[in-house]
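Here's the structure, in structure tokens; my notes come after.
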Amino acid sequence: MICNCSYAVGALILYNSGMPELPEVETVRTGLSEILPGKRVKKVDHNWEKSFPNALTDVAKFLVDAKVTGVRRRAKVLLIDLSTNYSLVIHLKMTGQLVYRGKDQEFGAGHPSASLIGVLPDKSTRVDLTFTDGSHLFFNDQRKFGWMRLIPTPEVQQLDFFQKVGPEPLSADFTPEDFAKRLQRRAKSGIKAVLLDQTVIAGVGNIYADESLWSAKIHPLAKVQDVPTRQLSDLYKGLRDILTLSIEKGGSSARNYVDAEGKRGSYLDFANVFNRTGQPCNRCGTLIIKTRVAGRGTHICPHCQKAPLE
DNA sequence: CACTTGACCTGTCCGC
DNA sequence: TGCGGACAGGTCAAGT
């Protein structure tokens with residue numbers, strides 16, 4: 001096996017063009033945690049105020065010259081901890097990307113990332129962190145919904161979001177009983193809206209809501225109180241299995257995702273309903289349909305997931 | 001209180 | 001070829 005190392009060094013793309021949910025953010029976290037710790041920030045450039053609202057006041061004091069000490073994730077939020085006892089708190093929302101590049105921005109011909117993202121910064125770059133070794137972390141965000149903030153590390157958990165956000169669905173001590181109990185607090189609500197509510201369960205977005213509901217044969221409009229406990233248990237297991245599989249596959253890439261080895265996030269190759277409108281259900285062969293639930297495009301098998309009675 | 005809608009943005013795609 | 005509109009969907013705020 002010959003490794004063409006001419007392009008393997010110095011480029012790592014942590015990129016998701018689709019919709020970063022828990023598995024995508026976790027994949028980005030894993031990649032960053034292998035690269036960033038120990039790097040020292042030399043310079044910060046930003047060109048969109050809302051992408052980095054408190055940059056002007058705090059960057060010089062607490063970001064420049066700070067050393068990265070670790071990278072964490074909670075729900076869909078990334079935390080880059082710094083030696084100044086501050087943390088960069090980052091939400092990618094829908095189109096945010098964190099792209100690391102070594103000092104040498106050149107890519108060898110044929111590197112998959114070369115065709116995905118060209119020279120950075122580009123027109124979607126909102127923040128450019130330069131490290132003292134000449135490498136960069138680019139925060140790109142086409143739609144400008146994402147943001148990063150510099151917050152004292154001990155104050156991060158005081159943020160409103162972290163006070164309200166629900167438990168991590170993959171944590172070891174999160175039981176089927178916890179899951180059912182939290183959902184049932186919203187007994188009269190449609191179950192998909194509840195899954196998407198970050199204060200109920202952390203990290204679930206549109207893709208994994210649709211996939212997990214299909215796995216448990218639950219219609220997204222079903223009221224929680226009408227779903228038998230056994231099916232809530234199926235949903236718990238389905239959701240955990242799906243999130244775990246997606247993390248293994250490097251997340252979902254609506255278009256492309258590559259990491260240091262040029263691997264794409266391939267979870268959508270395994271998806272049963274998401275983006276499969278008009279294709280046969282993998283369980284019963286009925287064609288998958290797309291509707292609108294809780295304001296989102298929603299994919300269901302109309303045979304497996306029976307609509308609730310009015 | 002529960003639920004829906006609008007705002008935040010830009011790029012893409014579809015119909016005319 | 002261009003133009004208007006729908007759509008993509010995470011989260012918060014405002015409205016019903």
Side-chain angles (χ1 to χ4, degrees), chain A residues 15-26 28 46-53 73-78 89-98 116-118 121-127 139-149 159-166 168-169 182-213 220-226 243 246 251-257 265 267-268 271 273-278 289-300 308 310:
Chain A
Y15 171 67
N16 192 285
S17 63
M19 35 222 100
E21 303 181 30
L22 189 155
E24 292 73 34
V25 179
E26 178 61 20
V28 172
H46 49 95
N47 68 357
W48 184 252
E49 205 264 335
K50 292 176 183 174
S51 294
F52 201 165
R73 177 191 63 78
R74 176 76 168 98
K76 301 172 189 171
V77 177
L78 273 169
V89 183
I90 304 170
H91 202 306
L92 301 174
K93 294 289 180 84
M94 271 95 68
T95 56
Q97 313 166 347
L98 285 169
L116 290 176
I117 308 176
D122 66 17
K123 66 178 173 180
S124 75
T125 301
R126 307 298 162 210
V127 183
F139 174 38
N140 295 340
D141 188 16
Q142 180 184 101
R143 288 173 66 181
K144 301 178 176 175
F145 287 2
W147 46 261
M148 57 197 284
R149 284 162 196 278
L159 293 174
D160 203 42
F161 176 85
F162 289 99
Q163 289 292 303
K164 290 182 184 166
V165 72
E168 288 291 324
R182 294 188 72 87
L183 290 189
Q184 283 162 349
R185 286 187 209 168
R186 299 275 304 277
K188 290 181 168 31
S189 301
I191 194 162
K192 177 166 178 176
V194 178
L195 281 176
L196 292 173
D197 186 336
Q198 299 299 294
T199 69
V200 178
I201 308 290
V204 181
N206 206 36
I207 295 175
Y208 303 105
D210 280 5
E211 291 295 311
S212 60
L213 288 168
L221 283 173
K223 290 181 179 177
V224 172
Q225 65 186 6
D226 296 333
L243 292 175
S246 185
S252 298
S253 302
R255 294 176 207 142
N256 280 301
Y257 166 92
Y267 173 74
L268 285 187
V273 285
F274 195 85
N275 257 3
R276 292 196 65 238
T277 309
I289 61 170
K290 184 171 182 180
T291 64
R292 211 155 179 86
V293 174
R296 314 288 174 80
T298 297
H299 311 77
I300 62 171
E310 285 303 318

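What you see is a predicted model, and the numbers here were worked out from it, not measured in a lab. To find a chain, count down the sequence lines: A is the first, B the second, and so on, and within it residues start at 1.
When rounded to the nearest whole Å, the span between CD of A:Q97 and P of C:dG9 equals 17 Å. Nucleotide C:dC7 holds its P atom 18 Å from the CD atom of A:Q142, rounded to whole Å. The distance between atom NZ of A:K192 and atom P of C:dG9, rounded to the nearest whole Å, is 8 Å. If you take CG of A:L92 and C1' of B:dC8, they are 16 Å apart, rounded to a whole angstrom.
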Taking only N/O atoms, report every protein-nucleotides 3-6 of chain C pair under 3.5 Å with atom names and distance.
none

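Across all strands shown, A:K290 has heavy atoms under 4.0 Å from sugar-phosphate atoms exclusively, and none from any base. At a threshold of 4.0 angstrom between heavy atoms, the contacts of A:W48 are confined to the sugar-phosphate backbone, with no base atom among them. Nucleic acid contact class of A:R292 (heavy atoms, under 4.0 Å, all strands): sugar-phosphate only.
In this view, A:F139 satisfies the ring-ring contact (aromatic ring centres under 6.0 Å, His included) rule with no residue, not counting sequence neighbours. Every residue two or more places apart in sequence or in another chain was checked for a side chain to side chain donor-acceptor pair (under 3.5 Å) with A:K188, and none qualifies. Applying the side chain to side chain donor-acceptor pair (under 3.5 Å) test to A:D226 and every residue at least two apart in sequence or in another chain returns nothing.
For the OP1/OP2 pair of B:dT10 and a distance below 4.0 Å, the side-chain nitrogens and oxygens of A:K144 include at least one atom meeting the criterion.
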Inset, instruction - Under 3.5 Å for both distances, Watson-Crick or G-U wobble, that's the pair rule; now give the dot-bracket for DNA chain B, with | marking pairs to another strand and [ ] for crossing ones. - result: .|||||||.|||||||
Inset, instruction - Take nucleotides 10-16 of chain C nucleotide by nucleotide from the 5' end and write B, S or -, depending on whether a protein heavy atom sits under 4.0 Å from the base, only from the sugar-phosphate, or from neither. - result: BBS----
